[in-house]
Amino acid sequence: MKLSNYFLPVLKETPADAEIISHKFMLRAGMISQSSSGIYSWLPLGLRVLKKIENIVREEQNAAGVNEILMPTIQPADIWKESGRYDDYGKEMLRINDRQDREMLYGPTNEEQVADIFRRSIKSYKELPSLLYHIQWKFRDELRPRFGVMRGREFLMKDAYSFDLDEDTSRVSYNKFFVCYLKTFERLGLRAIPIAAETGPIGGDMSHEFVIISETGESDIFYDKRILDLLDVDQELDYTKDLRSIVSSYQALYAAADDKYSKDEFEKKVPIEFQNNSKGIEVGHIFNFSTKYSEPMKANVLNSNGKAVSVHMGSYGIGISRLVGAIIEASHDENGIIWPEAVAPFTVGLVNLKSRDTEAIAVCENIYNTLNQAGIEVLYDDKDDSPGAKFSRMDLIGLPKQIIFGNNSLKDQMIEIKDRKTSHTEKVKISDLAGKLITSK
RNA sequence: CGGGGCGUAGCGCAGUCUGGUAGCGCACCUGGUUUGGGACCAGGGGGUCGCAAGUUCGAAUCUUGCCGCCCCGACCA
């Protein structure tokens with residue numbers, strides 16, 4: 001993509017509305033544009049990141065054997081009345097009436113909807129487990145939206161649902177998602193810690209929040225530092241195998257949010273040198289709620305005795321739009337964003353500092369075409385701005401690699417590759433550039 | 001929803017106390033000179049001062065009502 005042809009409204013000054021780093025940078029880098037409180041339009045650069053994250057999440061869900069579906073944003077009130085949540089869910093739920101005055105709502109989540117889909121189709125225990133997910137926009141009319149995309153009212157979420165015959169088998173599904181989440185966050189370049197979460201009225205130990213450590217986090221977490229060393233799920237995962245050992249290696253180490261934190265337990269279980277307390281951003285939540293929805297909604301299957309039983313359900317969320325902000329919170333410096341390569345909107349930024357020199361333009365065009373053909377995503381700054389303006393804009397938008405065509409590049413046929421994160425710069429022959437970038441990928 | 005703050009050009013702000021018909025920086029347009037860390041000179045365009053009503057000879061400024069946005073708190077991916 002050529003910058004001269006790209007819709008990238010970067011701002012030199014920070015809009016007064018933004019408070020936290022990720023919000024400021026997202027606005028300044030032209031990633032989003034606020035529509036109203038907690039509701040944003042996604043501009044090209046932001047959308048590319050959102051899609052990258054979405055695709056990684058999708059690939060990992062598929063790898064775990066979860067089926068992708070797409071449920072509507074607008075749901076009928078009826079199914080929510082069935083589950084009993086129509087009255088329980090407060091003003092956070094946006095309720096609307098259609099032209100026939102039927103009660104509808106903009107979905108804040110999809111347990112009812114998916115249970116309805118399930119019960120229409122699945123009748124036998126032989127078809128279990130059943131795993132479904134979708135990636136869809138949700139709306140929760142938050143009391144107070146804030147922090148830009150991190151706590152919007154409208155947000156993009158991956159939510160998955162499991163259906164199993166009983167508690168034992170639903171634990172197998174739960175573990176599957178647990179491990180899948182570890183893998184997913186790792187691919188996103190994040191270190192997400194699974195922490196024991198409140199299970200509410202259901203009880204039990206089957207609820208975890210996945211939290212990334214960040215100053216701006218909204219939850220206060222206490223954990224055993226050694227859990228960070230476990231966060232390396234590099235190996236190919238075989239989801240057909242028993243995943244209990246992986247899950248229990250995490251559960252063995254203390255990690256809890258303040259609402260579940262017990263000082264005594266923490267100090268007893270964690271040697272003092274491993275005790276850590278910090279703020280975190282919740283980016284995922286997995287939850288098993290047994291028959292809470294299946295029972296009132298009559299989502300039953302026949303078991304091997306021919307008896308109708310309520311299925312055991314779980315739900316598993318990842319806040320995709322929130323992750324865009326969370327990644328920035330976890331990866332930036334004073335000059336701007338530093339994208340992990342996996343989610344970067346472009347892999348490299350090609351900067352032509354000699355943007356008025358026809359010869360330089362010709363060489364840069366050639367480099368641009370070569371990189372594109374090599375399958376490298378490149379944003380080519382072909383604009384006629386001063387070097388300082390180009391550098392600071394490139395730093396702001398945070399592409400992992402900057403390729404700089406400068407004063408001497410024509411003469412010596414060398415070009416600089418600068419690493420956005422480390423600022424490490426190396427000169428390579430222009431003819432070697434594409435090969436160099438491909439191997440470093 | 002309680003507490004606090006803000007709303008003046010695309011963005012950041014001054015002007016409001018003390019009423020006299022709107023200004024600065026950046027951005028934008030034109031011409032010229034510049035090009036390794038947000039260039040310079042000259043010229044130029046752009047604002048129903050959030051909306052409405054009121055007070056007044058006269059309102060960005062005073063009064064009342066409404067709307068929007070941000071921050072802190074209680075709740076949430």
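Each chain gets a letter, A, B and so on, in the order the sequences are listed, and its residues count up from 1. The figures here come from the full heavy-atom set of this structure, side chains too, leaving out hydrogens, waters and symmetry mates.
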* Kindly say whether, by distance alone, the side chain of A:Asp395 makes a donor-acceptor pair under 3.5 Å with the base of B:G37? => yes
* With rounding to whole Å, what would you report as the distance between B:C49 and B:A59 at their P atoms? -> 11 Å
* To do: Would you classify A:Ser386 as touching base, sugar-phosphate or nothing, given that sugar-phosphate means primed atoms plus P, OP1 and OP2, and contacts are heavy atoms under 4.0 Å?
  => base
* What is the distance from CG of A:Asn352 to P of B:G36, rounded to the nearest Å? -> 12 Å
* Using a 4.0 Å heavy-atom cut-off across all strands, classify A:Gly406 as base, sugar-phosphate, or nothing. => base
* Options B:C71, B:G38, B:A77, nucleotide nearest the side-chain atoms of A:His285 -> B:A77
Kindly give the atom pairs (protein nitrogen or oxygen, nucleotide nitrogen or oxygen) under 3.5 Å for nucleotides 24-31 of chain B.
unit_1	atom_1	unit_2	atom_2	d
B:G25	N2	A:Glu13	OE1	2.8

* **Centroid separation A:Tyr380 to A:Tyr6 less than 6.0 Å** => no
* Give one of base, sugar-phosphate or nothing for A:Gly152, where a contact means two heavy atoms less than 4.0 Å apart. => base
* To do: May I ask you to say what A:Asn407 touches in the nucleic acid, namely base, sugar-phosphate or nothing, with a heavy-atom cut-off under 4.0 Å?
  => base
* Among the nucleotides B:G37, B:C71, B:C76, which one has an atom lying closest to any side-chain atom of A:Arg146? -> B:C71
* Which whole number of Å gives the distance between the P atom of B:G5 and that of B:U63? -> 15 Å
* Nearest-neighbour nucleotide for the A:Lys418 side chain, B:C13, B:G37, B:C76 considered -> B:G37
* Side chain to side chain, A:Glu54 and A:Leu156, heavy atoms closer than 4.5 Å -> yes
* To do: Dump the intermediate steps for salt bridge (Lys or Arg N to Asp or Glu O under 4.0 Å) on A:Arg119 and A:Glu82, then the final yes or no.
  => CA-CA 13 Å; A:Arg119 69 182 173 182; A:Glu82 267 191 81; 2.8 Å; yes
* To do: Under 4.0 Å between any heavy atoms, over every strand shown, what does A:Arg28 touch: base, sugar-phosphate, or nothing? Just pick one.
  => base
* Asked: How close or far is atom P of B:G38 from atom NZ of A:Lys383, stated in whole angstroms?
  -> 17 Å
* For B:G10 and B:C57, measure between their P atoms and round to the nearest Å. => 34 Å
* Presence of donor-acceptor pair under 3.5 Å, side chain of A:Arg144 and base of B:G4 -> no
* To do: Look at the side chain of A:Asp384 and decide which nucleotide, out of B:U35, B:C70, B:G37, has an atom nearest to it.
  => B:U35
* Using the P atom as the reference point in each nucleotide, state the distance between B:C51 and B:U56 in Å, no decimals. => 23 Å
* **Candidate nucleotides B:C72, B:G37, B:G38, ranked by approach to the side chain of A:Arg393 - the nearest** => B:G38
* To do: Report which part of the nucleic acid A:Ser36 touches: base, sugar-phosphate, or nothing (heavy-atom distance under 4.0 Å, all strands).
  => sugar-phosphate
* Euclidean distance for C1', B:G20 against B:C6 (whole angstrom) -> 27 Å
* Distance, rounded to the nearest Å, where A:Glu218 contributes CD and B:A74 contributes P -> 10 Å
* Structure fact -> Atom CZ of A:Arg151 and atom P of B:C70 are separated, to the nearest Å, by 13 Å
* For A:Lys429, look at atom NZ and say whether over 12 heavy atoms of other residues, nucleotides or ligands are found less than 6.0 Å away. => no
* Asked: When rounded to the nearest Å, what value does the distance between C1' atoms of B:U18 and B:A60 take?
  -> 15 Å
Donor-acceptor pairs under 3.5 angstrom involving side-chain atoms of residues 106-113 of chain A: please list them, not counting sequence neighbours.
unit_1	atom_1	unit_2	atom_2	d
A:Thr109	OG1	A:Glu111	OE1	2.7
A:Asn110	ND2	A:His134	NE2	3.4
A:Glu111	OE1	A:Arg85	NH2	2.8
A:Glu111	OE2	A:Ser315	OG	3.3
A:Glu112	OE1	A:Arg85	NH2	2.9
A:Glu112	OE2	A:Ser83	OG	2.6
A:Glu112	OE2	A:Arg85	NE	2.7
A:Glu112	OE2	A:Arg85	NH2	3.3

* Sequence neighbours left out, what passes side-chain hydrogen bond (donor to acceptor under 3.5 Å, both in side chains) with A:Arg322? Give chain and number order. => none
* Structure fact -> When A:Leu156 and A:Phe405 are each assigned the nearest nucleotide of RNA chain B, the 5'-most assignment goes to A:Phe405
* Asked: Looking at the rings of A:Phe266 and A:Tyr261, which for Trp means the six-membered one, are their centres under 6.0 Å apart?
  -> yes
* Would you please determine if the base of B:A77 is stacked by A:Phe155, with stacking meaning a centroid separation under 5.5 angstrom and planes under 30 degrees? => yes
* Please state the P separation for the pair B:G38 and B:G44 - nearest whole angstrom. => 28 Å
* To do: Using the C1' atom as the reference point in each nucleotide, state the distance between B:G7 and B:G15 in Å, no decimals.
  => 15 Å
* To do: Could you tell me the separation between the CG atom of A:Leu143 and the C1' atom of B:G3, rounded to a whole number of Å?
  => 14 Å
* Structure fact -> Tested for side chain to side chain contact (heavy atoms under 4.5 Å, CB included) against A:Asp382, the lone hit among A:Ile361, A:Leu3, A:Asn5 is A:Leu3
